[in-house]
Every structure is written in C-alpha cells, then in structure tokens.
Amino acid sequence: MSAVLQVPPAPSQAAVEHFAARLAFETDCSDVAADIGAGVKGWMLIDTRSQESWDQGHVPGAIHLPTREIQARAATVVPAGTPVVTYCWGPGCNGATRAALEFAKLGHPVKEMLGGFEYWTREGLPVETAEGTNRQAVDPLVAPRGVACAC
C-alpha cells in the first residue's frame with residue numbers, strides 16, 4: 001500500500017480552495033525582495049524579533065515591532081488598514097504567525113513571510129546592520145548555483 005496515498009488526495013476543488021487560501025495568508029522571501037527591489041509601495045514589512053536579533057541584522061526597510069509590542073504600538077507605527085507582512089527568525093519559529101494574528105486582530109490585512117529571516121539570509125538577500133548593508137553567501141541548497149528556484 002502506498003504511504004503517500006494512504007490518505008487519499010483531496011478533490012480538485014477542495015485543493016483549489018486550500019491552496020488559494022494559503023497564498024492569501026503567505027508570501028515568500030523572493031516575492032518580498034522583488035517588491036522591495038521594484039520600489040512597490042502599499043504594504044509594510046514587520047520584523048517581529050527581539051532587539052538583539054534585530055541588531056544582528058534585518059531586512060532593509062523593515063520596521064522593528066516585536067510581537068509582544070504589537071498591541072500597544074502598532075497604531076503609532078502602521079497606519080490603519082495598511083497590509084503588513086510579518087517575519088520572525090525562520091520556519092522553526094511561530095513568531096511571525098503570532099504577530100500576524102495580532103495584526104489581524106487589529107484589523108490589518110496580513111501575510112506571513114515564509115522562511116523568515118533565516119531563508120532571507122540563506123538566499124543571499126541584503127541584510128542591514130548598524131555597520132551597513134551586506135549579503136551573505138547563497139546557500140547552495142536554497143539557490144543552486146546562485147539561481148533562485150524561479151517558481
């Protein structure tokens with residue numbers, strides 16, 4: 001018996017609804033980088049990590065607003081109704097999910113950046129610190145021969 005098909009795949013219409021819904025809630029590092037690089041406006045990128053993590057490096061142009069401060073400070077940092085994209089450390093952390101929930105409770109349209117800061121750096125995208133902006137070497141498992149997955 002197939003381990004893959006032990007639970008049958010969902011019917012096509014259910015799959016369409018499921019995957020379309022996921023895309024409404026998620027984005028990825030490459031799409032965020034493309035928008036930033038093209039100067040696309042209309043949304044804000046929120047780094048939800050601690051001050052120490054922010055100081056180690058963050059996505060250029062991101063706003064630092066730790067999850068625990070969203071309820072108290074969001075209204076002074078993010079204009080009402082502005083779509084936000086949250087990120088935290090990486091896939092092993094649910095901080096961006098918790099932050100997205102807090103923004104949703106405040107009435108903001110929100111997406112979570114899959115992969116978080118970990119995959120941002122692994123893809124060799126720019127990282128900002130107090131010393132300036134730099135890029136780390138691309139992880140060959142993330143972008144073979146320096147080429148993004150182009151999905």
Side-chain angles (χ1 to χ4, degrees), residues 12-151:
S12 294
Q13 186 55 41
V16 166
E17 292 168 8
H18 170 78
F19 292 115
R22 281 192 60 187
L23 291 172
F25 297 109
E26 302 168 348
T27 188
D28 63 23
C29 299
S30 294
D31 289 343
V32 169
D35 269 14
I36 291 171
V40 174
K41 304 294 181 201
W43 59 275
M44 295 178 74
L45 182 62
I46 308 295
D47 184 316
T48 68
R49 300 172 304 144
S50 68
Q51 185 66 50
E52 296 79 13
S53 295
W54 170 266
D55 292 343
Q56 282 184 322
H58 51 272
V59 175
I63 304 299
H64 185 227
L65 185 57
T67 301
R68 68 184 173 279
E69 299 176 20
I70 292 171
Q71 284 289 333
R73 293 187 41 226
T76 63
V77 178
V78 182
T82 300
V84 297
V85 173
T86 61
Y87 75 89
C88 200
W89 172 245
C93 170
N94 68 1
T97 304
R98 286 184 281 119
L101 175 59
E102 293 305 311
F103 275 107
K105 287 178 183 178
L106 295 172
H108 288 276
V110 63
K111 287 190 174 199
E112 179 180 355
M113 184 175 81
L114 296 178
F117 189 67
E118 176 187 356
Y119 275 77
W120 183 271
T121 60
R122 290 179 74 185
E123 289 183 26
L125 296 166
V127 173
E128 187 174 53
T129 66
E131 289 78 43
T133 301
N134 60 59
R135 291 175 185 254
Q136 295 184 13
V138 175
D139 180 336
L141 294 175
V142 175
R145 288 172 265 124
V147 177
C149 70
C151 57

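Just the heavy atoms: all of them, side chains too, but no hydrogens, waters or symmetry mates, feed the values below. Please read all numbers here as calculations on a predicted model, not as lab measurements. In what follows, residues are counted from 1 in the order of the sequence shown.
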>> Both conditions, 6.0 Å and 45 degrees, for the charged tip of Arg22 above the ring of Phe19: are they met here?
In response: no

> To the nearest 0.5 Å, what is the distance between OG1 (Thr86) and CD1 (Ile46)?
Replying inline: 8.5 Å

> Under the side-chain contact (heavy atoms from CB on, under 4.5 Å) criterion, do Trp43 and Thr27 qualify, and how do the steps go?
Replying inline: CA-CA 12 Å; Trp43 59 275; Thr27 188; over 6 Å; no

Without swapping roles, check the side chain of [X] against the backbone of [Y] for a donor-acceptor pair under 3.5 Å.
X      : Y     : answer
His64  : Asp47 : no
Lys111 : Asp28 : no
Thr48  : Tyr87 : yes
His58  : Trp54 : yes

Which pair of non-hydrogen atoms, one from [X] and one from [Y], has the smallest distance, and what is that distance?
X      : Y      : value
Thr82  : Gly42  : CG2-O, 4.4 Å
Gln56  : Thr129 : O-CG2, 3.4 Å
Pro66  : Arg73  : CD-NH1, 4.2 Å
Gln71  : Leu106 : OE1-CD2, 3.7 Å
Pro126 : Thr133 : CB-CG2, 3.8 Å
Val77  : Met44  : O-CE, 3.6 Å

>> Quick one about Ser30 and Glu123 (side-chain donor to acceptor, distance below 3.5 Å, no hydrogens or angles considered), yes or no?
In response: yes

> For Glu17 and Gln13, does a side-chain donor sit closer than 3.5 Å to a side-chain acceptor?
Replying inline: yes

> Does the side chain of Leu114 reach to within under 4.5 Å of the side chain of Tyr119, using non-hydrogen atoms?
Replying inline: no

>> When you compare the side chain of Phe117 with that of Cys29, does any pair of heavy atoms fall below 4.5 Å?
In response: no

Hey, can you pull the donor-acceptor pairs under 3.5 Å for the side chains in residues 88-100, sequence neighbours left out?
| residue | atom | partner | partner atom | Å |
| --- | --- | --- | --- | --- |
| Asn94 | OD1 | Arg98 | NE | 2.9 |
| Asn94 | OD1 | Arg98 | NH2 | 3.3 |
| Thr97 | OG1 | Glu112 | OE1 | 2.9 |
| Thr97 | OG1 | Glu112 | OE2 | 3.0 |

> More than 12 foreign heavy atoms under 6.0 Å from CZ of Arg68: is that the case here?
Replying inline: no

>> The test is side-chain contact (heavy atoms from CB on, under 4.5 Å); show your working for Ile36 and Leu45 and say whether it passes.
In response: CA-CA 10 Å; Ile36 291 171; Leu45 182 62; 4.1 Å; yes

